[in-house]
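None of these values were measured; they are calculated from a predicted model. In this chain, numbering begins with 1 at the start of the sequence shown.
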Amino acid sequence: MIHRTHLPLKTWFLATHIVATHSNGISALQLQAQLGIGSDKSAWLLLQKLRRAMVGPDRSVLQEIVEVDEASMPFREGRGAEGRSKNGRNAEETMLLAGVVELSEDGKPRRIRLKERDDYSADSLQGFIGDVVEPGAQVVTDGWSGYSGLPENPHEARVIGDQEAHTVLEWAHRVFSNLKRWAMGVYHGLRRKHFQKYLDEFVFRWNRRRHRATSFDRLLGIGLGLKPVTDRDFVEGRA
């Protein structure tokens, strides 16, 4: 993560502490101000490298009972953006994602996973479930046809009908609601190009919301084991 860096090691440690323990997240401009870095490009690259370290290579799958649902978010327009931010669930106007919430025995949320999706087809949704959920774990959904016929998991379809959607999949909807509020509050909207990186950051913060004291060690430990990347890798979407 710090390959060929020109920043002092103390700056990296302080940046890691700020990013890992901040309750809601921090933008590159805010990080630059707190670190006293003169270059906004250096602050941006530092933040991108730390955000990349929020996904561990040994991340375990979710177990026991999980809620699965899908959602959409409007994207933020910027220089070179593909279009304008709009409301609705049209794939051409919004960013699509799927989410999984692992539940404890008493129905409380534990870990989550979020993944950008191109559509809500069976191949897309079931492929995501197969990647992040342990075979044999019970999958609870709202009855969308894309979840039918899960090959390795028992499936409980809770058809919404006349009920409010959040009463059927309470924690999945709460995660999506918190994600949207976080995105608008910290970043004032998310850009399509880096959507998955934002999702990874939210997952990291949610899963460690009660264990911030260990977030510094975890973030630095993962980062030091990653292969070196450059700013061009981030700009061109290779990192």
Side-chain angles (χ1 to χ4, degrees), residues 51-75 82 88-104 107-160 165-166 168-183 190-209 222 226 237-239:
R51 186 181 287 150
R52 179 171 172 254
M54 290 180 174
V55 182
D58 57 347
R59 192 164 66 172
S60 61
V61 294
L62 306 186
Q63 303 172 335
E64 299 178 12
I65 301 176
V66 297
E67 287 185 0
V68 184
D69 202 5
E70 66 285 341
S72 62
M73 295 181 64
F75 60 84
E82 305 90 327
R89 295 181 62 87
N90 189 315
E92 296 180 354
E93 300 174 349
T94 59
M95 302 176 293
L96 309 182
L97 69 144
V100 180
V101 183
E102 180 186 62
L103 302 179
S104 63
K108 299 298 182 181
R110 294 194 297 205
R111 299 174 295 165
I112 67 171
R113 297 286 185 267
L114 298 172
K115 190 71 173 180
E116 182 180 10
R117 299 283 81 184
D118 292 330
D119 54 48
Y120 298 143
S121 66
D123 288 343
S124 176
L125 295 174
Q126 295 189 25
F128 171 54
I129 293 172
D131 289 339
V132 302
V133 178
E134 182 180 54
Q138 184 178 0
V139 174
V140 182
T141 75
D142 59 5
W144 170 249
S145 59
Y147 300 113
S148 300
L150 286 170
E152 299 187 37
N153 298 89
H155 176 210
E156 179 185 349
R158 299 176 180 174
V159 180
I160 294 177
H166 68 270
V168 178
L169 299 174
E170 175 186 359
W171 289 110
H173 279 263
R174 186 169 298 187
V175 166
F176 292 148
S177 176
N178 287 349
L179 169 65
K180 294 174 181 179
R181 186 163 57 248
W182 171 80
L190 305 182
R191 299 188 189 278
R192 183 188 292 276
K193 185 175 182 180
H194 304 292
F195 186 40
Q196 186 58 51
K197 292 183 176 63
Y198 292 119
L199 296 181
D200 292 338
E201 178 180 355
F202 182 82
V203 169
F204 179 88
R205 297 188 184 286
W206 173 281
N207 290 345
R208 288 162 179 79
R209 63 196 184 279
I222 295 174
L226 297 176
R238 297 192 298 266

Note: Pro109 and Arg209 closest approach over all heavy atoms is O-NH2, 3.3 Å

Does Trp171 use its side chain to pair, donor to acceptor, with the backbone of Gly107 at less than 3.5 Å?
-> yes

- Query: Would you find a donor on one side and an acceptor on the other, under 3.5 Å apart, between the side chain of Tyr147 and the backbone of Glu156?
  - Reply: no

Checking Asn207 against Ile112 for the side chain to side chain contact (heavy atoms under 4.5 Å, CB included) test, could you report, in this order, the C-alpha distance in whole Å, the side-chain angles of both residues, the deciding distance, and whether it holds? CA-CA 7 Å; Asn207 290 345; Ile112 67 171; 3.7 Å; yes

Exercise for review: Spell out, as yes or no, whether a donor-acceptor pair under 3.5 Å connects the side chain of Gln126 to the backbone of Ser148.
Suggested key: yes

Scanning both residues in full, the closest heavy-atom pair of Thr141 with His155 reads OG1-NE2, 2.7 Å

Result for salt bridge (Lys or Arg N to Asp or Glu O under 4.0 Å) between Glu102 and one of Arg113, Lys108, Arg111 points to Arg111

In this structure, CD of Glu67 is separated from CD of Glu170 (nearest 0.5 Å) by 7.5 Å

- Message: Could you check whether any side-chain N or O of Gln63 sits under 3.5 Å from a backbone N or O of Glu134, counting only pairs where one atom can act as donor and the other as acceptor?
- Response: no

Closest heavy-atom pair, Pro57 versus Ile222, reported as atoms and distance to 0.1 Å, is CD-CG2, 4.3 Å

Residues Ser124 and Asp119: closest non-hydrogen pair is OG-O, 3.1 Å

Residues Val203, Arg59; criterion side chain to side chain contact (heavy atoms under 4.5 Å, CB included); working and verdict: CA-CA 12 Å; Val203 169; Arg59 192 164 66 172; 4.1 Å; yes

Rounded to the nearest 0.5 Å, the NZ atom of Lys115 sits from the CG atom of Leu96 at a distance of 14.0 Å

Query raised in the report: Do Lys197 and Glu201 pass the salt bridge (charged side-chain N to carboxylate O under 4.0 Å, His left out) test, and can you show the C-alpha distance, the side-chain angles, and the key distance before you say yes or no?
Result: CA-CA 6 Å; Lys197 292 183 176 63; Glu201 178 180 355; over 6 Å; no

Heavy atoms of Arg191 and Tyr198 approach each other most closely as N-CE1, 3.6 Å

To the nearest 0.5 Å, atom CG of Leu103 lies from atom CG of Leu62 at 10.0 Å

When rounded to the nearest 0.5 Å, the distance separating OH of Tyr120 from CG of Asp69 is 8.5 Å

All heavy atoms of Pro154 vs all of Ala137, minimum pair found to be CD-O, 3.5 Å

Q) Do the ring centers of Phe202 and Trp182 come within less than 6.0 Å of each other? A) yes

When rounded to the nearest 0.5 Å, the distance separating CZ of Arg117 from OG of Ser72 is 15.0 Å

*Run the numbers on Leu97 and Leu179 for side chain to side chain contact (heavy atoms under 4.5 Å, CB included), then give the verdict.*
CA-CA 11 Å; Leu97 69 144; Leu179 169 65; 3.8 Å; yes

CG (Leu190) and CZ (Phe75) are apart, to the nearest 0.5 Å, by 11.5 Å

Donor-acceptor under 3.5 Å (Trp144 side chain, Glu70 main chain)
no

